[in-house]
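What follows is a short report on a single structure.
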Amino acid sequence: STLSKKEKRSYLAVDKEDEIIGYVVPVFRKEFQKKMNPDSLTHPPEFILKPRGQTVWEGKSVTLHCTVAGWPKPHVAWYKNNVLIDAKSHPEKYFTESQYNMHSLEIKNCNFSDTAEYRISALNVKGESSAFAPVIIKSEEAVDGFSPEYGVTFNTTIIDKFDVSFGREGETMSLGCTVIVYPTVKRYQPEIVWYRNGVALSPSKWVHMHWSGEQATLTLVHLNKEDEGLYTLRVNTKSGFDTHSAYVFVRDADVEEEGVPVAPLDVRCHDANKDYVVVTWKQPAVEGSSSIIGYLIDRLEVGTHHWTQCNDTPVKYARFPVTGLIEGRSYTFRVRALNNSGVSRPSRASDPVVAMDPSDRARLRAGPSAPWTGMIKFTEEDPTVGVVPGPSTDLAVTEATKSYVVLSWKPPIQRGHEGVMYYVEKCLVGTDTWQRVNTGMPVKSPRFALFDLAEGKSYSFRVRSCNSAGVGEPSEETGATTVGDRLDLPSVPGPVIPIRNTDTSVVVCWGASKEVKNLVGYYIEVSVSGNGVWVPCNNKPVKGTRFVCHGLNTTDKCVFRVKAVNAAGYSGSSAESEACIVQASIGEYCCLQQKDSSPKNENSINIYSLSTCSKPVLTYLSAAVPSPPTGVTLQERVRDYMVLGWQAPAKTGGADIKGYYLDYRTVKDGVTSKWHEINLQAVTGTSYKVGHNITIFYKNPGPPHGLRVQEVRKDSMVLLWEPPTFNGRSAVTGYYVDYKEENGRWRCVQERSTKNTYMKVTGLQEGVSYRLRIHAKNLAGVGGPSKATDAILAETRPGTNEIVVDVDDDGVISLIFECSDIKENSQFVWSKNYEAFTDTSRLTIQTAGGRSRAIFNDPSLEDLGTYSCFVTNTDGVSASYTLTEEGLKRLLDISHDHQFPIIPFKSEMAIELQEKGRVRFWAEVAKFTSNCQVEYVFNDNIIHEGKKYTMNFNKTTGIIEMFMDLLEVTDEGTFTFNLVDGKATGRTSLVLIGEEFAELQKKSEFERAEWVRRQGPHFVDYLSFEVTPECDVHLKCRVGNIKPGTEIAWFKDGIEIEEDDEDCLCLTVPTIPQQISKKDAGVYEVKLKDERGKDKTLLNLTDAGRSHVVKANSSTELKVMSTEHGIILYSFVVHYIEDLRVGWLHKESKISHSDRVQCGVTGEQLWLKMNEPTEKDKGKYAIDIFDGKGSFKRVLDLSGQGKHRARVVGGLPDVVAIQEGKSLNLTGNVWGDPVPEVGWVKNDKPLLSDDHHTLKFEHGKFASITIAAVTTVDSGKYALLVKNKYGTEAAEFTVSVYIPEDEAEKKE
């Protein structure tokens, strides 16, 4: 029975450090012995409805809502900019609420400081999930800046501003400004925020901030290149904000050894796990006297002072996986660069990172709001049974370089309750041998980096999961991965254009790298023209294509170049820019628009004259800018070019005119576009011929020409053409093909334009003549049509041949075209994609008579395309063949089969264990000739038929066999059948090593021993027992090959007992409740013996062998019993023991124990008690009983039974006071289906109908009691009892009989 609270003992709860954290009372000591697997119920948090970002006015309130699912129920916490919100400490500001998985955060009386990113984190033992929502607070007084809170408008002025600054690594730098806020309001201070490259800074070891009330100061301690960037001071007030920005440059410290590179920068850690982390960095601006060979990575365990080098071989890639970390410890990392001259100084150390599981890190980020997840130890409970983990999933190669290969995967779904570790295995492509990489120690993280792989080789990888229960099955293997550097270096940046800025700075612009993956940024270098010494302008990569180079010397003539950088390395340097003199730019463009009056000219022209301008090659110091040029005229205009002329400016500004720049813009229907520059180089004269840019002055392209048709068939033909002579405003981007029947209208062939100068027109009708024409298009639109072709009849002429693909016996792939109508001077002209061959190394053309053959020299993906052959001096004899990737693959397979024919096997080599332990190796050949020969090989040695081996090749059936009478230890290895049939070969092998061989050898020896045993009397079925439903234990065995003279003897504990039956021997051992008695316990044995041999069998029914005598199917059917509080489901077993494990289920789900629902055992009764059942409790209930060998389930359907339970629905009072001598009549309303039985009790004793008590039950609904002439004896506690098969209920009331005189005395 269920233990009382006093009987329940307390147990200490300890965490992983064995610290006592509380007490635990196990309420399932006797009730539940069946262990529930929470993995089948639990799942991580999931946001069903995420919070939405909102924008509200200042002073208003805002509420964020979300819905979270998960089991166990997730614990949620709200964050503002990743800082935990403590609503209990600030009830005037925040209010949080959680009901039925719905969570909300209310922010009251919002102000500007509440503008932030809010996050809600949901956490349970299965993981963590987060959702984000931005909240923006808008100020209603933002228009005029007036602050109603203080009644003033704040004006901010920043003076004594910091300027562009230069520092050196290791130095300390301070930036400061004086901030004046007017008017001054007591107890009000503005908000001071510092930014670097647009990212807000926080105080740290390297960054110190100070605000004195007037002076804002930012101090950078021990400068490093990571500190370089654009620094911004922002002053926020109630009326708005003000900012000031300036760039800070950090130059490299002096190198210790000449020629070595400078230190790398920006070392970061990513993807940290239990024993693995990825370290990344950025390459330095200066490589030294030679290119950087690679990088060395060092690690330091926090709390120690010794740096350990992580890699023996320098890595070229700016990304490296560090393995071998110890879980729970913190590490920092640094990087050094290496070239031919030596090793650089180390970079600044990275931020510390903890080697731990990401889910644990998420719980730590949750701070104090996270639930305790320590381990509770029950000293008397059975340990959890280990579960061998399943295979890992989603195994993939995430990185592959010459130095290492990185694998990642997802943990197995089936892994029990304990942690999982992993073994990684590799296999060289082309072999079937898997080698374990980390034999000594399994890894804890689902990431692994493999080093020391052979460069140029291809490998496949797989992963096995393991725990204390064993090693699981391998995951699916990856595809083949070739070891080698696949460094996708950035392409060279585009042209560099310097523009004068100040006396000490130049603005540099450049074209972005066109081919780059994961761009880190650009480095800009400057050199004084002529000295050849290049100096970096920036020591931290910039991502834009514009940069202001400061710190230059005034009047120096400088040239610039740019190089891009990504994780793979540096690009080549761009071409040097034009020289630019470092001087302040005081000139500007002066322009005059001159528009030609010709209606065909739809362009405007601007002419700029320069005496001082920002173009670097023409910079001269002048007192004033020149006046605009005048008299712009169009001197000449033809199809290919135009000539513009103009007059020099009347005023030169005090210096010689150095040149002119021309702009143009289009004018269409009175609408003008933006101005575009025509010439990049200054024009020194007063006229300019626009030739190569003339395409911009024509809107649409001209018509294509040179149309010709070939490959005419009954439903298609191929049209070829030449591009238009002039393209129009921009390059031709495509073509449209029109066609029409002889007297029909023009229709377009395709919906989208084609970039090719050919097209196959399909869907034609046989016997109909067609005309074709072409339109070209560019960015401006579609040009006019070309001249149409002559009428062409759609027909397939007799004798027309197509190109045929051929693969000869030597595997040579070729295209063959034959022409029967060839003339004396005719030639076969082959083309690819209807263009003449440019790479003759790909094809070899062989022509003889009317047959031409195009042979592929080395078929590959480069050969994909459409191949056509046209025969000259014929009436359009031509054909084509399109070679696709799928077709090429099929041809290559056929070619390989022709070169290296393989004998197919219907069944590969297999092994079969026969009688007497004889081993048969066999395989079945699918196709062969009578000349086929077989070579038998063991461990690369040819074996022959003899005493040990028997061999046979049945050429009628194609079955190859080899027999061995006995497997010995020396037979462990690989068995192979090698077949040779002319040019064809075949091979099939079977590997018998390790556990597989040992198991087969054991089975062989067993079968041989069994064969010997069966030659005499033997046991067909060994001695066993069975338990009857009455819980009797029967011992039985079955014998074979016996004769009358065979001796059969039964023994218990070595003492012979009487035998029962010769064929089926049984011994009935009656049981007592719970288990076999000690009298019946023992070791039972049966022996057989005659002159042919002997055999015996044992059965242990001692303490170790008598625990499964109670059968689960001895339980009775599940029944229901109603009580005044609810219902009870129950079943009886013949005998109950503690080893019998019982579980209750509702709708196939396990029932949880609660105050309302309880279960237990009373004697031999297994019961489930349910108080106050509701509609949700309807459905099928089941009891699952497990007896140690098997389980049995009893089911009962309670759908719809709750509403039929007998009950009293009204009519009776709680208390009745009646005067003595009066008659009492009470009626109760009764409900139930079937109609309940009705009874009355007084003071817990049944009442019967008599002269004094009249009891009635009418219409199955109304139960009444009448007491005639009540007396004080009738006072007492009464109850109306109703009962049916679904339940019982009692309606109680009290009757009080009083005497009138007594009542009068009480009133007095």
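Computation of the quantities below employed the complete heavy-atom set of this structure, encompassing side-chain atoms and omitting hydrogens, waters and symmetry-equivalent molecules.
Using a 3.5 Å distance cut-off with no hydrogens or angles, the side chains of Thr976 and Ser989 do pair a donor with an acceptor. The closest side-chain donor-acceptor pair between Ser458 and Thr482 falls under 3.5 angstrom. Side-chain atoms of Thr308 and Arg299 include no donor-acceptor pair closer than 3.5 Å. Ser460 and Thr478 share no side-chain donor-acceptor pair at under 3.5 Å.
Between Trp409 and Tyr422, the angle of the ring planes goes over 60°, which puts this pair in the perpendicular group of the 30/60° scheme. In this structure, Tyr867 and Phe856 have perpendicular ring planes: the angle between them is above 60°, well past the 30° mark. Taking the six-membered ring where the residue is Trp, Tyr404 and Phe320 present perpendicular rings, their angle passing 60° and hence far from 30°. Taking the six-membered ring where the residue is Trp, Phe900 and His896 present tilted rings, their angle falling between 30° and 60°.
Of the possible polar contacts, none joining the Thr332 side chain to the Ser350 backbone as a donor-acceptor pair under 3.5 Å is found.
Counting only heavy atoms from C-beta outward, the side chains of Arg853 and Thr844 never approach each other to under 4.5 Å. A 4.5 Å side-chain heavy-atom check between Lys282 and Glu226 finds every atom pair outside the cut-off. The shortest distance between side-chain heavy atoms of Gln846 and Ile855 falls below 4.5 Å. In this structure, Trp922 and Glu912 have side chains that are in contact, with non-hydrogen atoms separated by less than 4.5 Å. Looking at heavy atoms from C-beta onward, Val925 lies in side-chain contact with Leu979 at the 4.5 angstrom threshold.
Listed by chain and number, the residues in a side-chain contact (heavy atoms from CB on, under 4.5 Å) with Asn833 are Tyr758, Thr866 (sequence neighbours excluded). Partners of Asp981 according to the salt bridge (charged side-chain N to carboxylate O under 4.0 Å, His left out) rule, which considers only residues two or more places apart in sequence or in another chain, do not exist here.
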With salt bridge (Lys or Arg N to Asp or Glu O under 4.0 Å) as the criterion, how do Arg345 and Glu256 come out once you've worked through the C-alpha distance, each side chain's angles and the decisive distance to 0.1 Å?
CA-CA 8 Å; Arg345 293 179 296 101; Glu256 299 177 356; 5.8 Å; no
